[in-house]
K.L.:
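The structure is given below, and queries will be raised subsequently.
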Amino acid sequence: MALSIEDIKKVAHLARIEINENDANATLSKLSGILALIEQMQAVDTSGIEPMSHAQDLSQRLRDDVVTKTNLRDEFQKNAPILGNGSQEPAVAGGLYLVPKVIE
Amino acid sequence: MEWEVVIGLETHTQLQTNSKIFSGASVKYGAEPNTQACEVSLALPGVLPVLNKQAVHCAIKFGLAINAHIAPRSVFARKNYFYPDLPKGYQISQFELPVVGKGAITIQVPAAGKQEAYEKVVNITRAHLEEDAGKSVHGAVESMSGIDLNRAGTPLLEIVTEPDMRSAAEAVAYAKKLHELVQWIGICDGNMQEGSFRCDVNVSVRPKGSDKLGTRREIKNLNSFKFMTQAIEYETRWQIETLEDGGKIQQATVLFNPDTGETRAMRSKEEANDYRYFPDPDLLPLIITEADKARVSADMPELPAAMKARLEAQYGLSSYDANSLTSSRDLADYFIATITAGAEAKQTANWVMGSLSAKLNSEDKSISHSPISAEQLAQLLKRISDGTISNNAAKQVFEAMWQGEGEADAIIAAKGLKQESDSGAIEAIIDEVLAANAAMVEEFKAGKEKAFNALVGQAMKASKGKANPAQVNDILKKKLQA
């Protein structure tokens, strides 16, 4: 499968990675190399082999439905991001984490 | 042109657990912001999800209840998108291999206008486990949004239907049936105000007779059945008008505004929809064995459809009565408790769905908080059946019991409501009435039927309403014909 520069830009945008023209071109050739490798692997006959969803052939361990976590909000909020609007304090208020205004 | 609307639903049901789906943080509603947001809910570096056994139990229970295929192996996947209430940058969900596969739910669509009530099977495509996101709070701080991650990681079962519904009425009948079912089997508390049961409705229209689906718009987060009806009806009209005006429908997510009764596009979907799902490397496949299913099955109550059939067969109730009584487990339990205490089934059905339901509704009480217990109601109904009190007196006793004045027998005695069934006493009263109302007797004999009712009225009055009306009728008839 051939990748285009538009594919690179779209993937970068979806991942919220800012990318300039030079880096986009460099990434295009690297990603194309990876896809070529995958194409090579796809040539292997895997018929009759059940696909795995994890590298380890194990099943998910389940946890009993018990509340084990206590309220550590104050500790966690000391480590909240600083928004860079002049304040050097973690961006929290009334127990909420603050982010730039979101409007739908 | 005649149009047909095509509707499918995606419902997020919050599962009844103590802790989150992938961590031991509490899921209790209404806590102070972020006091239930642990390091996993916050997506701090280095944390790992561990799946909650009870959430899996709930999913299996739902699968069994709708007769669905339950996947022996299902897989968790990452659904990637950016939003401030989703700290990881992805939601853990299921994509290619959901825990519950195809199943079906039979719905009863109520009569409307000329359309009679009918049953319909709605096919379930799948149901998958996933985590809820947090909440954005606006307006608390100027030009900022606040994020509360208490809800992040709350276990959800997303239940997806085929595009099987053809009207707002069918969609709402399905949503109500599902709402009853998840509460009945105890996997969801059904509280729509608190967001425990949220519906996304996919709506498209097409020329009637066409077998091709039109482009759909998805109405997000409807949290009442009334809004669902309004939103679907508005959206259907809007799509038909757009197409008739030569326009095209763009796939979109829309929000319903209850104040205006209109739907409005939220964002165009093409890009937002590119979620780049892939299996979550932090979670291994979920294996469900036959033994797991058998354990859950043993824990399963009699399902509403089975109970409805049993009420019809065992107690001779009509399909309508049986359906109403099995609309909630509390109601069904109350009914069964009343007849177990000795009341007659049809009479119990009438009282439970009539006087009792009306009274509960008027005081906004649920049946589990009824001031009159099933045993108390049974005693009252037995006193009607054995002729101790008339239907009218029963209403007075019912009121008194509601006010907490005691048991039926005590109230009947205290208020002197016992019906006179002694035929000698009734005869004496009637003789007096006949003597005092000679004119009426003449009228009756002259062929005026109305005079008979007037005489019954006089006799009831003379007995202070206590005479058994059926006996009064009989005796009076005999005396007049003598």
Side-chain angles (χ1 to χ4, degrees), chain A residues 6-18 31 38 49-87 89-104, chain B residues 17-20 22-28 31-42 44 50-57 73 75-77 80-85 89 96-97 136-138 140-141 143-149 255 266-267 271 274 276 279 281 283-287:
Chain A
E6 280 69 38
D7 292 326
I8 300 297
K9 287 178 178 168
K10 188 183 171 204
V11 171
H13 174 68
L14 285 171
R16 299 295 185 273
I17 295 171
E18 197 178 338
L31 273 183
I38 290 170
I49 298 173
E50 204 183 320
M52 295 170 76
S53 59
H54 199 278
Q56 282 180 296
D57 193 11
L58 296 169
S59 68
Q60 179 60 40
R61 192 173 67 81
L62 301 180
R63 177 177 61 77
D64 282 336
D65 179 28
V66 179
V67 175
T68 53
K69 302 287 184 189
T70 51
N71 172 20
L72 294 175
R73 182 178 77 183
D74 294 346
E75 293 300 307
F76 289 140
Q77 293 204 331
K78 282 182 199 158
N79 196 32
I82 292 158
L83 270 192
N85 52 356
S87 166
E89 294 296 312
V92 294
L96 298 166
Y97 293 90
L98 298 181
V99 297
K101 197 164 189 168
V102 204
I103 298 181
E104 268 300 351
Chain B
T17 60
N18 301 313
S19 63
K20 293 190 176 178
F22 296 121
S23 78
S26 170
V27 292
K28 213 171 198 159
E32 285 290 302
N34 290 310
T35 53
Q36 293 173 174
C38 68
E39 62 276 18
V40 176
S41 323
L42 295 176
L44 294 186
V50 188
L51 184 56
N52 184 333
K53 191 185 275 177
Q54 184 60 23
V56 174
H57 185 95
R73 175 174 167 274
V75 170
F76 287 92
N80 299 281
Y81 67 94
F82 286 98
Y83 205 73
D85 62 15
E96 281 175 336
L97 295 169
S136 308
V137 182
H138 306 289
V141 176
S143 75
M144 304 280 251
S145 290
I147 305 296
D148 177 6
L149 295 169
L255 288 177
M266 198 166 115
R267 57 182 179 221
E271 191 182 89
D274 200 342
R276 295 148 294 144
L283 287 153
L284 291 155
L286 169 63
I287 304 298

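The model shown is predicted, which means the values in this text are computed figures rather than measured ones. Residue numbering restarts at 1 for every chain, and letters A, B, ... go by the order of the sequence lines.
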K.L.:
Identify which part of Leu97(B) has an atom lying under 4.5 Å from any heavy atom of chain A, answering side chain, backbone, both or neither.
P.N.:
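It is neither, since no heavy atom gets under 4.5 Å.
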K.L.:
Quick one: which of Ala37(B), Pro281(B), Ser23(B) has the most heavy-atom pairs under 4.5 Å with chain A, could you say?
P.N.:
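Option with the top pair count is Ser23(B).
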K.L.:
If you round to the nearest 0.5 Å, how far is CZ of Arg63(A) from CD of Gln54(B)?
P.N.:
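Rounded to the nearest 0.5 Å, the CD-CZ separation comes out at 11.0 Å.
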K.L.:
Is any side-chain heavy atom of Ser53(A) less than 4.5 Å from a side-chain heavy atom of Arg73(B)?
P.N.:
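Counting from C-beta outward, Ser53(A) and Arg73(B) do come under 4.5 Å.
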K.L.:
Shortest non-hydrogen contact from Leu96(A) to Pro33(B)?
P.N.:
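That would be CD2-CB, 3.7 Å.
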K.L.:
Side chain, backbone, both or neither: which part of Ser26(B) has a non-hydrogen atom closer than 4.5 Å to chain A?
P.N.:
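When you check distances to chain A, atoms from both the backbone and side chain of Ser26(B) fall under 4.5 Å.
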K.L.:
Top residue by heavy-atom pair count (under 4.5 Å) with chain B, among Leu98(A), Leu58(A), Val99(A), Thr68(A)?
P.N.:
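Top option by heavy-atom pairs under 4.5 Å: Val99(A).
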K.L.:
Could you tell me whether the side chain of Asp65(A) and the main chain of Ser19(B) form a donor-acceptor pair under 3.5 Å?
P.N.:
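Yes, the answer is positive, given that a donor and an acceptor are paired below the 3.5 Å cut-off.
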K.L.:
If you count heavy-atom pairs under 4.5 Å between each of Leu149(B), Leu286(B), Leu42(B) and chain A, which one has the most?
P.N.:
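Looking at each of Leu149(B), Leu286(B), Leu42(B) in turn, Leu42(B) comes out on top.
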K.L.:
Pick one of side chain, backbone, both or neither for Phe76(B), based on which atoms fall under 4.5 Å of a heavy atom in chain A.
P.N.:
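Neither part.
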K.L.:
Which pairs count as salt bridge (charged side-chain N to carboxylate O under 4.0 Å, His left out) when at least one residue sits in residues 70-82 of chain A, sequence neighbours excluded?
P.N.:
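Qualifying pairs, neighbours excluded: Glu75(A)-Lys78(A).
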K.L.:
Which pair of heavy atoms, one from Asp64(A) and one from Lys53(B), lies closest together, and at what distance?
P.N.:
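That closest heavy-atom pairing would be OD1-NZ, 3.1 Å.
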K.L.:
Could you give the distance from CZ (Arg61(A)) to CG (Leu284(B)), rounded to the nearest 0.5 Å?
P.N.:
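Arg61(A) atom CZ to Leu284(B) atom CG measures 10.5 Å (nearest 0.5 Å).
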K.L.:
Please classify the contact between Lys28(B) and chain A as side chain, backbone, both or neither, with a heavy-atom cut-off of under 4.5 Å.
P.N.:
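The answer is neither part of Lys28(B).
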K.L.:
His54(A) and Leu283(B): which non-hydrogen atoms are nearest, and at how many Å?
P.N.:
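Looking at all heavy atoms of both residues, the shortest contact is CD2-O, 3.6 Å.
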K.L.:
Looking only at heavy atoms, which two atoms of Val67(A) and Asn18(B) are closest? And how far apart?
P.N.:
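Shortest heavy-atom separation between Val67(A) and Asn18(B) comes out as CG2-O, 3.4 Å.
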K.L.:
List the steps and the verdict of side chain to side chain contact (heavy atoms under 4.5 Å, CB included) for Asn34(B) and Phe76(A).
P.N.:
CA-CA 10 Å; Asn34(B) 290 310; Phe76(A) 289 140; over 6 Å; no
K.L.:
Heavy-atom distance under 4.5 Å to chain B: side chain of Val66(A), backbone, both or neither?
P.N.:
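Backbone only.
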K.L.:
Does Glu39(B) form a side chain to side chain contact (heavy atoms under 4.5 Å, CB included) with Lys69(A)? I'd like the steps, not just the answer.
P.N.:
CA-CA 9 Å; Glu39(B) 62 276 18; Lys69(A) 302 287 184 189; 2.7 Å; yes
K.L.:
Asp274(B) and Lys10(A): side chain to side chain contact (heavy atoms under 4.5 Å, CB included), yes or no, with the steps?
P.N.:
CA-CA 10 Å; Asp274(B) 200 342; Lys10(A) 188 183 171 204; 2.9 Å; yes
K.L.:
With a 4.5 angstrom heavy-atom cut-off, could you sort out which part of Pro84(B) is near chain A: side chain, backbone, both or neither?
P.N.:
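When you check distances to chain A, only side chain atoms of Pro84(B) fall under 4.5 Å.
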K.L.:
Between Val56(B), Asp85(B), Val75(B), which shows the greatest number of heavy-atom pairs under 4.5 Å with chain A?
P.N.:
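Most pairs with chain A among the choices: Val75(B).
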